[in-house]
Number of protein chains: 2
Amino acid sequence: MDAPDILKNRGLKVTKIRVAILEAMGESRQALPYSELQKKLSIFDRTTLYRTLLVMIDKGFIHKALEENGDTYYALCSSCTSKVHNHNHVHFKCKECSSVQCLYLQNEIGLSIPEISIETIEITAKGTCSLCRLTN
Amino acid sequence: MDAPDILKNRGLKVTKIRVAILEAMGESRQALPYSELQKKLSIFDRTTLYRTLLVMIDKGFIHKALEENGDTYYALCSSCTSKVHNHNHVHFKCKECSSVQCLYLQNEIGLSIPEISIETIEITAKGTCSLCRLTN
DNA sequence: ACATTAAATGCAACGGTGTTGCATTTAATG
DNA sequence: CATTAAATGCAACACCGTTGCATTTAATGT
Ligand SMILES: [Mn+2]
Ligand SMILES: [Mn+2]
Ligand SMILES: [Zn+2]
Ligand SMILES: [Zn+2]
């Protein structure tokens, strides 16, 4: 299913920038830093990009995978809706190539601390990705 | 041991802003967002604050506990040196009062994924802190 | 195909943060 | 107290987050 259909099915207007964002993120298979989205979508005003990202987060199309050193990495959601947001997966950043990806694992990771009520857990792993391991 | 001694013992010059940062963070017992440090230390130029934070991270005095929505939370290190940085602990943010703290737990949390070599893991938990739970 | 309208867009503008260069000041040392 | 490497303050620039407002556009019904 292509980007315009995805948008229609979820009751969102089909606009150029929304299509462009979905296509850019679908191709890369990885999280994209804001700075790169900005470059790829430089035909659009950055305010429009900013507001579109807000909408697409809210509607469950994308999520923030990582915020680091002022850059924010965005990734496609796997099963979110405007009502239900599920981001209980691991984010991985390669120290070599700086790529960021979502890792969907089998076993859930839980935490329990006395006195504190924990609702969500975010895990960011860092190391060397499979591609960079081959290169070395 | 007070802030000037801590700095001397680690071979750093005792300057006003370094003392002020150590004291501000020591009192709060929590991570402080950059924005708050900026306010508390407004007598200093913000470039100096910026560079001092860089040095103190490098020297193992403080670390970034959380980066979220453009604000960075800094916390005191428990046992880091300029050579060895140990941040394998959990960071917790209360959704009620926005406080951020370091949680030093017993059991280590490990992750293992085929093809990928994981070196470090960062865990951020969110929920309601003990103080806010009492208030509710 | 065309008019209607709510939503989306582009532009301007402001404040905050990250970052660097450079001249000046200061903490440590003997 | 003199020396000097380190730290500081100031200026400057780029980038990001955010908002208001006027204009354009996608969707809908006729
Ligand atoms: Mn993800
Ligand atoms: Mn910490
Ligand atoms: Zn890599
Ligand atoms: Zn709280």
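Each chain gets a letter, A, B and so on, in the order the sequences are listed, and its residues count up from 1. Values reported hereafter were calculated over all heavy atoms of this structure, with side chains retained and with hydrogens, waters and symmetry mates removed.
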Hey, is Glu27(A) close enough to Lys40(A) for a salt bridge, meaning N to O under 4.0 Å?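 Judged by the 4.0 Å cut-off on N to carboxylate O distance, Glu27(A) and Lys40(A) do not form a salt bridge.
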More 5' along DNA chain C: Gly70(B) or Arg51(B), using each one's nearest nucleotide? Gly70(B)
Whichever of Thr15(A) and Leu54(B) has its nearest DNA chain C nucleotide further upstream toward 5': Thr15(A)
Verify the contact: side-chain N or O of [X] to OP1 or OP2 of [N], cut-off strictly under 4.0 Å; return yes or no.
{"X": "Thr52(A)", "N": "dT9(C)", "result": "yes"}
{"X": "Arg18(B)", "N": "dA7(D)", "result": "yes"}
{"X": "Tyr50(A)", "N": "dG17(D)", "result": "no"}

Between Asn69(B) and Thr48(B), which has a closest nucleotide on DNA chain D that is more 5'?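 That would be Thr48(B).
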If you assign Ile17(B) and Thr47(B) each to the DNA chain D nucleotide with the nearest heavy atom, which residue ends up on the more 5' nucleotide?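 Result: Ile17(B).
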Under the 3.5 angstrom rule, does the side chain of [X] hit a backbone N or O of [Y] as a donor-acceptor pair?
{"X": "Gln101(A)", "Y": "Arg29(A)", "result": "no"}
{"X": "Glu67(B)", "Y": "Asn69(A)", "result": "yes"}
{"X": "His89(A)", "Y": "Cys102(A)", "result": "no"}

How long is the line joining NZ of Lys64(B) and P of dT17(C), in whole Å?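 Checked: the NZ to P distance equals 13 Å.
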Per the atom types in the model, does the base of dG18(C) pair as donor or acceptor with the side chain of Arg46(B) at under 3.5 Å?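 Under the 3.5 Å cut-off, the side chain and the base do form a donor-acceptor pair.
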